[in-house]
Protein chains: 2
Amino acid sequence: MAVTIRDVARASGVHISTVSRTFSAPHLVNPNTRSRVLACAEQLGYRPNRAARALITGRTYNIGLIVADIANPFFPPLIKAAESQARKHDHHIFVADTNEDAAVEEEVVRALAKQVDGVLLVSPRMSNTLIEQLSREVPLVVVNRQIAGIPAVVMDVARGARIAIEHLVALGHRRVALLSGPRGSWTSREIRRSAAATAKAGGAELTIIGPNPPTEVGGLTIAEDVLRAGATAVLAYNDLMAIGLIEGLLAAGARVPADVSVVGIDDIMLSRLTRPKLTTVATPTAAAGRAAVDMLLAHGDDRRTTAQIHLQTELVIRDSTGRGPGPHSPADPGDVNAPGGVAS
Amino acid sequence: MAVTIRDVARASGVHISTVSRTFSAPHLVNPNTRSRVLACAEQLGYRPNRAARALITGRTYNIGLIVADIANPFFPPLIKAAESQARKHDHHIFVADTNEDAAVEEEVVRALAKQVDGVLLVSPRMSNTLIEQLSREVPLVVVNRQIAGIPAVVMDVARGARIAIEHLVALGHRRVALLSGPRGSWTSREIRRSAAATAKAGGAELTIIGPNPPTEVGGLTIAEDVLRAGATAVLAYNDLMAIGLIEGLLAAGARVPADVSVVGIDDIMLSRLTRPKLTTVATPTAAAGRAAVDMLLAHGDDRRTTAQIHLQTELVIRDSTGRGPGPHSPADPGDVNAPGGVAS
DNA sequence: GCCATTAATGCAAGCGGTTGCACGCAAGTC
DNA sequence: GACTTGCGTGCAACCGCTTGCATTAATGGC
């Protein structure tokens with residue numbers, strides 16, 4: 001069946017160890033021999049069996065990537081970037097979807113542990129304690145979570161939430177609702193903390209609604225609550241919820257942004273395509289995917305790197321935010337509803 | 001470091017082969033021994049090394065899944081379903097993104113071949129010949145392509161295109177444009193063939209524009225061409241292009257559907273959220289993902305299954321299609337622009 | 001011309017499991 | 001009581017590859 005190192009050895013008249021070295025330590029083999037071996041290998045269509053190699057070297061050249069929900073448009077660009085970056089380093093990516101379930105998350109990490117060089121935990125729902133424990137079993141890089149001693153790539157959502165709230169306050173909004181995300185989400189906690197502080201500093205009242213499933217439906221079903229709370233502006237945990245919320249608000253007869261302004265977080269592609277176009281906090285997902293892979297691979301060299309990379313977020317003003325009932329800041333640009341905005 | 005079968009054997013006072021059998025052939029070991037071994041394994045945190053097992057058994061319990069572009073919203077639900085189905089059977093999924101590049105596709109299949117039990121090729125861009133060749137190196141299941149002798153899951157896009165065109169013709173459209181997809185796409189050819197036949201039968205003129213990149217931008221940039229062609233209705237290769245096209249048409253001052261009707265294919269989540277909501281052909285992506293995994297795993301038992309599974313498509317009428325200039329069919333329902341439609 | 005280096009290759013022991021075969025032993029048959 | 005039967009277990013080879021060490025031949029120093 002499959003062609004092995006022995007077939008190549010036989011064909012090129014050398015010992016298997018020489019064939020092995022031709023691939024894993026070429027400088028140790030005579031150039032003539034090397035090219036002969038390579039020719040035979042090529043001709044036979046030989047490909048080293050990575051599983052067998054992993055057994056000895058302990059390196060699998062595989063990376064696990066765990067996300068809460070592949071179908072959430074936030075993740076695919078990150079996965080794509082990670083996969084591409086991994087492939088540059090000749091690594092492959094295992095993708096697993098946990099359906100937002102912390103228990104599944106743990107199980108998947110454990111199942112993957114032995115056959116990967118490390119695991120990327122993206123927006124985990126597990127507890128810090130559990131993550132710390134797992135990180136002793138397999139190299140881990142977390143994305144969107146800060147845990148002392150664990151390498152991480154974090155997007156500065158706190159700043160994102162701050163500028164989002166400042167934007168709303170500057171527009172004259174004084175009653176703002178925050179749609180929080182799923183339980184267990186570090187990002188959601190960060191947003192809440194930062195939004196609360198910013199609202200307080202700006203003299204606005206912040207109503208927190210949630211936790212909610214981070215989906216369109218999660219936003220849709222909560223429109224009533226938002227209206228009942230009398231909020232004139234909303235910051236949602238992510239774009240999907242923001243878009244769902246807008247649907248719900250429109251269905252309930254409210255206008256966006258005339259009656260209620262809505263800000264999302266993530267800047268998924270979708271946000272540019274819905275009507276009104278969504279004002280949102282852009283997060284550098286592709287960069288995060290690349291950085292996480294890089295950290296994991298670097299991690300291999302000098303053990304126990306605990307560096308944490310911070311990535312910046314930006315507010316992208318589009319059409320879902322407008323003037324509120326209160327006085328708006330003089331520093332505020334004229335007509336924020338004009339098409340365009342920062343990077344529409 | 002990691003706990004191996006030997007550690008468990010030592011701890012439970014049996015030979016490693018007994019430990020091995022406890023996991024891979026429990027009926028061969030005495031219940032008492034079995035429970036003792038299991039207890040030790042549990043206590044030590046033993047997990048069988050799949051790579052080592054694969055070396056002997058030839059089964060890796062891994063599946064490769066290759067898509068053209070993870071970021072295209074068409075794929076994530078399919079990947080999610082496949083991953084979930086695979087996990088039910090204790091398999092893991094390698095995901096690879098080829099950036100719509102046939103050469104990358106080939107390379108990735110080859111790279112993955114040795115470490116998976118089979119590969120799912122979703123909407124491949126490679127030639128049939130190449131796919132046939134690769135299928136001799138590794139079990140393959142193709143999604144959205146029909147090749148004699150290769151197991152496949154195909155969505156009946158030909159029917160989808162037919163009912164989409166019939167819908168447009170019934171609405172009175174006589175000049176229809178077809179935005180074809182990427183070169184190498186079987187789906188695109190099927191759509192073109194079916195749309196052409198249907199248009200001819202219905203007395204409509206079909207202008208084919210393309211090939212195009214299957215993205216929002218692909219649709220956006222082509223709006224001018226559509227208007228220039230004088231088409232009053234368009235069928236796009238996928239929803240992303242349809243949505244981009246609508247953006248482009250609106251930007252160019254055309255109204256949708258008053259001036260131009262647009263139909264997409266796929267029914268991605270996005271199609272329900274844009275304005276106007278997109279009329280589109282729904283494809284059963286999740287079902288396809290599950291079916292493909294099932295076929296691949298069944299494939300293992302009775303070698304050389306070449307069954308092909310056909311999945312049905314449906315037209316979902318939403319708000320992007322309306323009456324055309326020609327006489328509309330008497331069989332046509334009253335106001336197709338009423339909100340709702342088949343399953344809005 | 002002899003010895004120490006060095007370069008190139010072979011040898012063989014594993015990595016962590018699986019599996020065909022052989023063995024010991026208790027139970028059943030006559 | 002000798003003989004089959006079959007269950008439970010151990011033994012050892014092996015999957016495809018890596019790697020420390022031994023071996024050999026060629027090279028250089030003096």
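Quick note on labels: first sequence line is chain A, next is B, and so on, each numbered from 1.
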Considering all heavy atoms, the nearest [X]-[Y] contact:
X        : Y        : result
B/Arg125 : B/Ser185 : NH1-CB, 3.6 Å
A/Pro139 : A/Asp117 : CG-O, 3.3 Å
B/Ile16  : B/Ile5   : O-CD1, 3.6 Å

**Report entry** Side chain of A/Ile56 (C-beta onward), nearest among D/dG10, D/dG16, C/dG10
**Finding:**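 The listed nucleotide nearest to A/Ile56's side chain is D/dG16.
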* To do: From the options D/dG10, C/dC11, C/dG17, select the nucleotide whose nearest atom is closest to the side chain of A/His15.
  =>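 That would be C/dC11.
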Test item: [X] and [Y] side chains (from C-beta on) under 4.5 Å apart, heavy atoms:
X        : Y        : value
A/Glu190 : A/Asn144 : no
A/Pro284 : A/Met155 : yes
A/Gln308 : A/Val153 : no

>> Does B/Gln43, at its CD atom, have more than 12 non-hydrogen atoms belonging to other residues, nucleotides or ligands within less than 6.0 Å?
In response: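 12 or below, so no.
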Is [Y] paired with [X] through a side-chain N to carboxylate O contact shorter than 4.0 Å?
X        : Y        : answer
B/Asp294 : B/Lys88  : no
A/Glu132 : A/Arg136 : no
A/Asp69  : B/Lys80  : yes

Tell me: [atom1] of [X] to [atom2] of [N], nearest whole Å?
X        : N      : atom1 : atom2 : value
B/Lys114 : D/dG16 : NZ    : P     : 10 Å
A/Asn49  : D/dC14 : CG    : C1'   : 14 Å
B/Arg53  : D/dC14 : CZ    : C1'   : 17 Å
B/Leu55  : C/dT19 : CG    : C1'   : 14 Å
B/Ile5   : D/dC14 : CD1   : P     : 19 Å
A/Ile16  : D/dG16 : CD1   : P     : 11 Å
B/His27  : C/dT19 : NE2   : P     : 11 Å
B/Arg59  : D/dG16 : CZ    : C1'   : 19 Å

What's the verdict on side-chain hydrogen bond (donor to acceptor under 3.5 Å, both in side chains) for A/Glu83 and A/His92, showing C-alpha distance, side-chain angles and the deciding distance? CA-CA 7 Å; A/Glu83 200 267 339; A/His92 294 144; over 6 Å; no
Note to self: With a 4.0 Å limit, can you tell me whether A/Tyr46 has a side-chain N or O closer than that to the phosphate oxygens OP1/OP2 of D/dC17?
What the structure shows: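 Yes, A/Tyr46 has a side-chain N/O under 4.0 Å of OP1/OP2 on D/dC17.
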Report yes if a donor N or O on one partner sits less than 3.5 Å from an acceptor N or O on the other, where the partners are the side chain of [X] and the base of [N]; otherwise report no.
X       : N      : result
B/Arg6  : C/dG17 : yes
B/Arg50 : C/dG17 : no
A/Ser17 : C/dC11 : yes

Problem - Divergence of helical axes at both termini of the helix from C/dG1-D/dC30 to C/dC30-D/dG1 - five pairs an end, 10° steps - result: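 Overall, the helix from C/dG1-D/dC30 to C/dC30-D/dG1 bends by 40° from one end axis to the other.
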Residues in residues 19-26 of chain A with a heavy atom under 4.0 Å of DNA chain D, by number, are A/Ser20, A/Arg21
In numerical order, the residues of residues 30-45 of chain A whose heavy atoms come under 4.0 Å of DNA chain D are none
- On the 0 to 90° scale, with breaks at 30° and 60°, tag the B/His91-B/Tyr61 ring pair as parallel, tilted or perpendicular.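 Plane angle between 30° and 60°, so tilted.
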